[in-house]
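Data first, discussion second: the structure below is written as structure tokens.
Hydrogens, waters and symmetry mates are skipped; everything else that's a heavy atom, side chains included, is used. Everything numeric in this text was worked out from a predicted model, so none of it was measured.
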Amino acid sequence: MNLEKKTIAALDPGRDKCGFAVLHQDGRVLMQRVIETSRLEAEVQQAYAAFAFDVLVEGNGTTSKAARGRISKLLPGLCIEVVDEYRTTDMARKAYWQANPPHGWRRLLPVTMQVPPVPVDDFVAVILGQRYLEEHYHE
């Protein structure tokens with residue numbers, strides 16, 4: 001990827017929902033959300049219009065091939081890079097608790113024993129994007 005390019009998108013594809021994020025090449029998260037898989041094209045198109053990303057990084061999970069086909073059809077010129085999803089769910093749970101520390105009695109329990117109350121697919125997408133950036137921008 002050319003160093004002049006400023007943003008990348010990252011996708012954690014899933015059967016019912018996907019994690020989606022846009023990151024600046026310096027690692028800043030510009031947008032992250034959980035989207036319905038049925039709205040994949042609309043959400044990607046909207047983010048592409050807003051951020052003009054040059055690359056979409058996608059996790060290599062079981063539904064990645066189908067998602068990749070849908071995005072390729074939508075944006076034929078977009079470069080799609082596949083990234084290993086190994087351990088991203090565990091990392092995303094940890095990131096969730098760092099961003100949303102437990103309150104009340106829950107703060108007394110180790111977060112490793114708690115399940116986040118919302119899906120963390122968006123945090124997975126951010127981690128996938130960070131993995132890609134680390135591999136391609138850090139010397």
Side-chain angles (χ1 to χ4, degrees):
M1 189 163 97
N2 185 328
L3 287 178
E4 294 174 12
K5 299 179 180 176
K6 302 287 187 226
T7 59
I8 66 162
L11 178 70
D12 173 34
R15 201 167 316 285
D16 299 316
K17 63 187 175 352
C18 299
F20 188 54
V22 177
L23 289 83
H24 189 273
Q25 72 182 22
D26 66 9
R28 281 180 294 135
V29 178
L30 304 175
M31 181 270 289
Q32 78 179 75
R33 62 178 61 136
V34 176
I35 62 174
E36 294 176 24
T37 301
S38 62
R39 292 195 31 82
L40 179 63
E41 289 91 345
E43 294 282 351
V44 170
Q45 182 69 49
Q46 184 180 4
Y48 185 76
F51 298 103
F53 44 85
D54 304 292
V55 173
L56 184 132
V57 178
E58 180 183 83
N60 65 346
T62 54
T63 61
S64 67
K65 188 174 181 180
R68 196 163 44 255
R70 291 170 65 183
I71 294 168
S72 293
K73 190 182 255 186
L74 175 70
L75 299 168
L78 182 65
C79 175
I80 300 175
E81 298 277 343
V82 179
V83 177
D84 186 13
E85 286 188 22
Y86 182 69
R87 298 200 40 89
T88 54
T89 300
D90 293 335
M91 294 169 71
R93 286 180 178 147
K94 183 177 179 182
Y96 172 85
W97 289 120
Q98 288 173 340
N100 304 281
H103 297 287
W105 65 268
R106 289 188 176 274
R107 66 184 165 76
L108 302 174
L109 289 176
V111 292
T112 54
M113 295 178 65
Q114 298 184 55
V115 175
V118 296
V120 294
D121 306 75
D122 55 333
F123 285 93
V124 172
V126 169
I127 291 164
L128 294 171
Q130 290 169 338
R131 281 186 180 176
Y132 179 84
L133 290 171
E134 287 171 11
E135 188 176 310
H136 288 84
Y137 286 104
H138 293 343
E139 300 165 2

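Of all heavy-atom pairs between His24 and Leu133, the closest is O-CD1, 3.5 Å. Here the closest non-hydrogen pair linking Thr88 and Glu85 is OG1-O, 2.7 Å. Residues Leu128 and Val57 come closest through the heavy atom pair O-CG1, 3.8 Å. Taking both residues in full, the closest heavy atoms of Cys18 and Leu40 are given as SG-CD1, 4.4 Å, listed atom of the first, atom of the second, then distance. What you find for Pro13 and Ala67 is that their closest heavy atoms are CB-CB, 3.8 Å. Taking all atoms of both residues into account, the shortest heavy-atom contact from Phe53 to Ala47 is CE2-C, 3.6 Å.
Here the CD1 atom belonging to Ile71 is positioned 13.0 Å from the NZ atom belonging to Lys73, to the nearest 0.5 angstrom. One distance of note links CD1 of Ile8 with CG of Leu30; it measures 10.0 Å at 0.5 Å rounding. Separating the CD atom in Gln46 from the CZ atom in Phe20 is a distance of 9.5 Å, to the nearest 0.5 Å. Between atom CZ of residue Phe123 and atom OG1 of residue Thr89 there is a gap of 13.0 Å, rounded to the nearest 0.5 Å. The distance from the NE2 atom of His136 to the CD atom of Gln25 is 13.0 Å, given to the nearest 0.5 Å. Taking CD of Glu58 as the start and NZ of Lys65 as the end, the distance is 12.0 Å to the nearest 0.5 Å.
Gln114 places a side-chain N or O within 3.5 Å of a backbone atom of Leu109 that can act as its donor or acceptor partner. Formation of a donor-acceptor pair under 3.5 Å by the Asp122 side chain with backbone atoms of Val34 is not found in this model. Side chain of Thr37 to backbone of Lys17: a donor-acceptor contact under 3.5 angstrom is found.
Residue Tyr96 is grouped with residue Val111 when hydrophobic side chains (ILVMFWY) are merged at heavy-atom distances under 4.5 angstrom, including chains of intermediate members. In this structure, Val29 is not a member of the same hydrophobic cluster as Leu11, with clusters built from ILVMFWY side-chain heavy atoms closer than 4.5 Å. No continuous path of hydrophobic side-chain contacts links Val120 to Val83 [ILVMFWY only; heavy atoms under 4.5 Å]. Under the 4.5 Å side-chain contact rule for hydrophobic residues, Met31 and Ile127 do not share a cluster. When the side chains of ILVMFWY residues are joined at heavy-atom separations under 4.5 Å, either directly or via intervening members, Tyr86 and Val82 end up in two distinct hydrophobic clusters.
Tyr132 is not listed as a side-chain neighbour of Leu23, based on a closest heavy-atom distance of 4.5 Å or more.
Of the listed residues (Leu56, Ile80, Leu78), just one forms a side chain to side chain contact (heavy atoms under 4.5 Å, CB included) with Ser72, and that residue is Ile80.
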